[in-house]
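Every chain is numbered from 1, with letters handed out A, B, ... down the list of sequences.
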Amino acid sequence: MNKKTFYYELKHVDKNSGARYGILHTPHGDYETPMFMPVGTLASVKTLSPEELYEMGSQIILANTYHLHLRPGEDIVAKGGGVQKFMNYKGAMLTDSGGFQVFSLAKKRGISEEGVTFKSHLNGDKIFFSPEKVIEIEQKIGADIAMSFDECIPYPATYQYVKDSTLRTLRWAKRGKDVHTRQDQALFGIVQGGEYEELRKYCAQELVKMDFDGYAIGGTSIGEPKDVCYKMIDYAIKYLPSDKPRYLMGVGSLDYILIGIEKGIDMMDCVLPTRIARHGTLMTHKGRINIKNSKFKEDFTPLDEECNCYTCKNYTKAYLRHLYVADEAFGKRLLSIHNVHFLLEITKKAREAIKEDRFNEFKEEVLKKYGDERGF
RNA sequence: GGAGGGGUAGCGAAGAGGCUAAACGCGGUUGACUGUAAAUCAAUUCCUUCGGGUUCGGCAGUUCGAAUCUGCCCCCCUCCA
């Protein structure tokens, strides 16, 4: 790895918590952490243009290896100049490996030591992903950060299952790393281990020995209780080196984000803001609202009085509700803009708070005002 | 004037003697969603003090039992004069 193109620079640790402020240097720019990364599975953050995303402060966004492999295929993405150029995103990108699809497409796949066989969710084609194959695809897609191929273990799972799976994920991590050659792309390892302390610890320690460019905590936010998720973070994070970025995978509700940051997480991604926006739910400074509710029929105020996103500056709840009810695509876009902006702004404010050693107060204040204990 | 067809819950539309407070769709209301098989999915939608009560254009019948059968009446549509 060429340290000139990708490295993490820890700038400041909050004096009263584990929260860290840092700079992530990537081939496509330098970005501040902690950060929230919107998810654009198919090289598109649904309903949003890459330009408006970037302008509202998104830094790194995700795309997905499995999905891009199926359509349009990594060779086309490569011919298009790599995923950033292909989709015209000015910031940096990260590809998830398809490890989540091992979980989400569980009914359509089989796992062996060699890898995972999927039945394409599009047409039933047989697709085989080995860790080596995934790295080959990710290198062609060309994101700034590639993720190792892992199994995102379901919750709950027995100790034996989690152990076997985690050890296999470790072997896969090594196999992937051995074939990763692209110098302008970082490769992250993923800590699994379920809810078991010794497995999380072992997995983290073994990955660190392999010396990845960053470390993710995976197998989180897949339906486990909140305290279990927090334990999963605690069990792993203390074994991760402070000079490498730590990425909490799949987390996007307000409480998870803030508590993750408090524990020393630098990066988080989630489909939540865009998905729930398309389904009518909005995160605001005063908690969640559902724009479908009839009480907004004649509410001519913005979604969130404290928000300065494009949607809140220009449109009322009554209009947004109308668009939603009328099933107008523009409504879904306006709502997505708001939710993504909301999380980007929260993490931006979190960074400011960390720099001033007042992250705890910041977190408490935001969560108190938000009210909803689920943190949505 | 003649000949047909039809009136079912907010709307559309099944049902043609009991298993029907009545399929299904739309509309309405509410909820879920966390490394996106998700612009998706679920619940609910006559009234109710949850015991029950009142329904299928209206009235009167047949029947142990009627949205379903009979008679009359009222509306709507199509065709012919």
Side-chain angles (χ1 to χ4, degrees), chain A residues 36-48 60-68 70-71 93-109 118-125 127 134 138 143 145-153 155 188 190-192 216-226 229 232 247-257 260 265 267-283 288-297 321 323-336 339 343 374-376:
Chain A
F36 175 75
M37 306 183 287
V39 180
T41 305
L42 290 151
S44 164
V45 178
K46 294 186 194 303
T47 80
L48 303 179
I60 299 177
I61 64 172
L62 264 69
N64 183 276
T65 302
Y66 167 83
H67 288 280
L68 290 182
L70 287 187
R71 200 165 51 181
M93 291 191 66
L94 177 153
T95 38
D96 184 35
S97 60
F100 183 73
Q101 279 63 44
V102 177
F103 162 76
S104 66
L105 300 175
K107 280 161 289 187
K108 292 179 170 288
R109 54 78 176 147
F118 294 96
K119 272 179 79 173
S120 160
H121 70 284
L122 296 176
N123 60 11
D125 278 359
I127 295 147
V134 165
E138 290 194 277
I145 301 167
M147 299 305 298
S148 294
F149 189 50
D150 66 332
E151 179 192 357
C152 180
I153 303 168
Y155 178 89
F188 281 26
I190 303 174
V191 181
Q192 290 293 341
I217 296 172
T220 46
S221 60
I222 48 167
E224 78 283 6
K226 243 175 225 190
C229 178
M232 289 170 169
Y247 163 25
L248 179 60
M249 304 186 84
V251 151
S253 61
L254 194 58
D255 55 350
Y256 274 177
I257 286 177
I265 294 294
M267 308 159 70
M268 286 148 290
D269 77 287
C270 199
V271 306
L272 194 69
T274 47
R275 180 181 290 169
I276 68 176
R278 291 195 307 283
H279 299 165
T281 301
L282 292 314
M283 307 185 216
R288 291 197 312 164
I289 64 170
N290 191 329
I291 200 65
K292 288 184 284 186
N293 292 171
S294 55
K295 63 185 173 191
F296 300 126
K297 208 173 259 179
R321 177 177 193 275
L323 291 181
Y324 189 90
V325 168
D327 197 26
E328 282 292 326
F330 185 49
K332 293 174 174 49
R333 181 160 155 252
L334 288 175
L335 298 176
S336 297
N339 271 356
L343 290 184
R374 288 170 301 180
F376 270 14

Distance-only donor-acceptor test, A/Asn64 side-chain atoms vs B/G35 base atoms, 3.5 Å: no

Residue-phosphate contact under 4.0 Å: A/Gln101 side-chain N/O, B/A37 OP1/OP2: yes

side-chain N/O A/Asn293 vs B/U29 OP1/OP2, d < 4.0 Å: no

Phosphate OP1/OP2 of B/U30: any A/Ser294 side-chain N/O under 4.0 Å: yes

Position toward the 5' end of RNA chain B (nearest nucleotide), A/Gly40 or A/Lys332: A/Gly40

C1' atoms of B/U44 and B/C64, separation to the nearest Å: 36 Å

Face-to-face stacking of A/His279 with B/U40, centres under 5.5 angstrom, angle under 30°: yes

Closest contact, heavy atoms only, A/Thr47 versus A/Arg333: O-CD, 2.9 Å

Atom-pair distance (NZ on A/Lys292; C1' on B/G27), nearest Å: 15 Å

Sugar-phosphate only, base, or nothing, as touched by A/Leu94 at under 4.0 Å among non-hydrogen atoms: nothing

Residue A/Tyr256, side-chain atoms from C-beta onward, closest of B/U34, B/U36, B/G35: B/U34

Spacing of the P atoms in B/A14 and B/G7 (rounded, Å): 8 Å

Phosphate contact (B/C41 OP1 or OP2) by A/Arg275 side-chain N/O below 4.0 Å: no

Sugar-phosphate, base or nothing in reach of A/Gln192, heavy atoms under 4.0 Å: base

Touch class at under 4.0 angstrom, heavy-atom based, for A/Val325 against every strand present: sugar-phosphate

side-chain hydrogen bond (donor to acceptor under 3.5 Å, both in side chains) assessment of A/Asp255 paired with A/Ser253: CA-CA 6 Å; A/Asp255 55 350; A/Ser253 61; 2.8 Å; yes

Presence of donor-acceptor pair under 3.5 Å, side chain of A/Thr274 and base of B/U36: yes

RNA chain B: 5'-proximal contact among A/Leu42 and A/Cys270 (nearest heavy atom): A/Cys270

Inter-nucleotide C1' distance (B/G57, B/U48), Å rounded: 26 Å

Spacing of the C1' atoms in B/G51 and B/G58 (rounded, Å): 32 Å

Below 4.0 Å: OP1/OP2 of B/U34 and any side-chain N or O of A/Ser253: no

Any-strand Watson-Crick or G-U partner of B/A42, both distances under 3.5 Å: B/U30

From B/A37, B/U40, B/G35, nucleotide with atom closest to A/His67 side chain: B/A37

Phosphate OP1/OP2 of B/U34: any A/Ser221 side-chain N/O under 4.0 Å: no

Nearest atoms (heavy-atom pairs only) where A/Pro273 meets A/Leu343: CG-CD1, 3.7 Å

Sugar-phosphate only, base, or nothing, as touched by A/Gly331 at under 4.0 Å among non-hydrogen atoms: nothing

Phosphate-side-chain proximity, A/Asn290 and B/U30, N/O vs OP1/OP2 below 4.0 Å: no

Phosphate OP1/OP2 of B/U40: any A/Arg278 side-chain N/O under 4.0 Å: no

Spacing between A/Ile276 atom CD1 and B/G31 atom P, to the nearest angstrom: 13 Å

Trace of the side chain to side chain contact (heavy atoms under 4.5 Å, CB included) decision for A/Met249 with A/Asp269: CA-CA 6 Å; A/Met249 304 186 84; A/Asp269 77 287; 4.2 Å; yes

A/Asn123 side chain near B/A37 phosphate (N/O to OP1/OP2, under 4.0 Å): no

Sugar-phosphate only, base, or nothing, as touched by A/Leu105 at under 4.0 Å among non-hydrogen atoms: base

Whole-Å gap separating P (B/U36) and CG (A/Leu272): 13 Å

Nucleotide forming a Watson-Crick or wobble pair with B/G4, both distances under 3.5 Å: B/C77

Base partner of B/G12, which must satisfy Watson-Crick or wobble distances under 3.5 Å: B/C24

A/Tyr66 and A/His121 aromatic centres sub-6.0 Å: yes

B/C80 and B/A9, which share atom name C1', separated by this distance in whole Å: 37 Å

